[in-house]
Participant: 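One structure coming up, written as structure tokens, with questions to follow.
Order of the sequence lines fixes the chain letters, A, B, ..., with proteins taken first and strands second; residue numbering starts at 1 for each chain. All heavy atoms count here, side chains included; hydrogens, waters and symmetry mates do not.
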There are 2 protein chains.
Amino acid sequence: MNTKYGDYEQTGVTVDLSIFTVNEDRLKAMLVRRAEAPFQGFWSLPGGFLKNGESLDAAAQRVLIEKTGVNDVYMEQLYTFGDPKRDPRSRVITVAYIALIPWQNLPKPESEKVTGLTWVSVDSLPKLAFDHKEIMSYAVKRLRAKVSYSNIVHGLMPRQFRLSELQSMYECIIDDKLDKRNFRKRMLATGLLKETGKKDLAGAHRPAMLYQFKTTEIVFF
Amino acid sequence: MNTKYGDYEQTGVTVDLSIFTVNEDRLKAMLVRRAEAPFQGFWSLPGGFLKNGESLDAAAQRVLIEKTGVNDVYMEQLYTFGDPKRDPRSRVITVAYIALIPWQNLPKPESEKVTGLTWVSVDSLPKLAFDHKEIMSYAVKRLRAKVSYSNIVHGLMPRQFRLSELQSMYECIIDDKLDKRNFRKRMLATGLLKETGKKDLAGAHRPAMLYQFKTTEIVFF
DNA sequence: CATACTTAGTGTTCATTGTACACTTAGTAT
DNA sequence: ATACTAAGTGTACAATGAACACTAAGTATG
């Protein structure tokens, strides 16, 4: 396990992902069932070892596609966790990422039994393997904070949406209610939205204008 | 070099530190001269390999003490850089940290020739080894941003100080002038400062009250 | 010892931003 | 035709941020 340097241990490097979506008015995270020891049968964050010649971002992308089938989503590095005892087998440090996926973009969920995957509200997480609870807490904290000073919710919205849907998205991430008129004023004032000209005729009520983001980039207010 | 897993390379893990101080009204970073290849003779960030059983934070602390002789300073993890080509020898990922040290707390600098250490204004950095320029840019960006929404400057101030010194600290980090009255109002309004009751009688002018921070913790506004 | 010099210390006005709050509109359903 | 539902809109007030100039309390000098 150790190199010729003695003091300098060979270290495993993994990436672990906090993949978020919003569904049924709940902020949810993807968990995968561990098939093997340690923590066999426990839920954990999707992750994997860094491969030969692979950048950290690329590794995170790879894990994302493996588990969700989805590409091209918002992703950012969160933090690196390196407690020497965090993996009982050997020294492994993990570079944690946050990813955001609009629920609509996810393939229809198959049975949890088959896939070993599930989406769980971040407020009612089960016991998680390793230090994944800590990682997840940190990710939720970062996401909640970032919502208030950036347009990061973009990563969770479908391409076109009603302003009321956008508002709900904010509300369920920050877990608080917002004033409709002030919300609309602020959002339109950012200049990041544009009207599509289309209307959403669903429902027995006045149809809503559909909006979309002008740019994919994350902007800080 | 490779493990039995083939795809999964053994990876070196280092920590690299952007250590900042302010002196002569300049935000400066510590650089160390590389004694060995690669990048022999180049300036680089202080850093080192993660040791056996050592947490990332502990490794960063160790490097800090080795290079500065100083303990107990503000330090935070910055970002993890993992481009597969960032070290020409082999796969090494590095966890970057930011550290802040009040200039007054540093031991008297010996000759650069002897120590291989120097402090350079972040606006006039020389060519750096590896991807250290990129790391440093990111660190400066983070520090400049954080100054405006936290009391992180605490990490750069001596224990007691005049409000005008505090203002200068802000000004030279954000590289802009601030209004004296508004600055004082805002600072005192945070409630994070307390008067020491002492006066600074240096200089041929009205003596200044000395202040200190009530708490060591970093607070976000 | 009177005067000049230097930095410390202090308030107010105005502009901008944020917050609270209720009714009309345009569709569908009965 | 009427009821129902979510969409869409404006204003008054409070809080915050920004611009701005003089007096105070020491030391240094002639």
Participant: Given dT6(C), dA20(C), dT9(D), which nucleotide is nearest the side-chain atoms of Lys185(A)?
Facilitator: dA20(C)
Participant: Does a salt bridge link Arg142(A) with Glu76(A), judged by any charged N lying under 4.0 Å from a carboxylate O?
Facilitator: yes
Participant: Ser164(B) side chain: which of dG27(C), dT27(D), dA8(C) is closest?
Facilitator: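 So the nucleotide nearest the side chain must be dA8(C).
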Participant: Out of dG10(D), dG9(C), dG26(D), which nucleotide sits closest to the side chain of Asn182(A)?
Facilitator: dG10(D)
Participant: When all nucleic acid strands are considered with a 4.0 Å heavy-atom cut-off, which category describes Lys180(B): base, sugar-phosphate, or nothing?
Facilitator: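 Answer is base: heavy atoms of Lys180(B) come under 4.0 Å of a base.
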Participant: By the definition side chain to side chain contact (heavy atoms under 4.5 Å, CB included), identify the one residue from His132(A), Met136(A), Met30(A) that meets it with Ser18(A).
Facilitator: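 Going through His132(A), Met136(A), Met30(A) one by one, the side chain to side chain contact (heavy atoms under 4.5 Å, CB included) with Ser18(A) is satisfied by Met136(A) alone.
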Participant: As a test of reading the structure: which of dC21(C), dA8(C), dA6(D) is closest to the side chain of Asp179(A), going by heavy atoms?
Facilitator: dC21(C)
Participant: As a test of reading the structure: which of dT7(C), dA21(D), dG26(D) is closest to the side chain of Arg162(B), going by heavy atoms?
Facilitator: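 Closest nucleotide among those given: dT7(C).
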Participant: Examine the base of dT25(C) for any acceptor or donor lying under 3.5 Å from a partner atom in the side chain of Arg206(A), and report the outcome as yes or no.
Facilitator: yes
Participant: Between dG27(C), dT5(D), dG26(D), which nucleotide has the shortest distance from any of its atoms to the side chain of His205(A)?
Facilitator: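 Per side-chain heavy atoms of His205(A), the pick is dT5(D).
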Participant: Could you state the atom-to-atom distance from CZ of Phe183(A) to P of dA20(C) in whole Å?
Facilitator: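 Those two atoms, CZ and P, are 16 Å apart.
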Participant: May I ask you to check if Arg34(B) and Trp43(B) form a cation-pi contact, with NZ or CZ under 6.0 angstrom from the six-membered ring centre and within 45° of the axis?
Facilitator: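 Pair Arg34(B)/Trp43(B) does not count as cation-pi.
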Participant: If you round to the nearest 0.5 Å, how far is NZ of Lys146(A) from CD1 of Ile98(A)?
Facilitator: 7.0 Å
Participant: Under 4.0 Å between any heavy atoms, over every strand shown, what does Arg184(B) touch: base, sugar-phosphate, or nothing? Just pick one.
Facilitator: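 It contacts base atoms.
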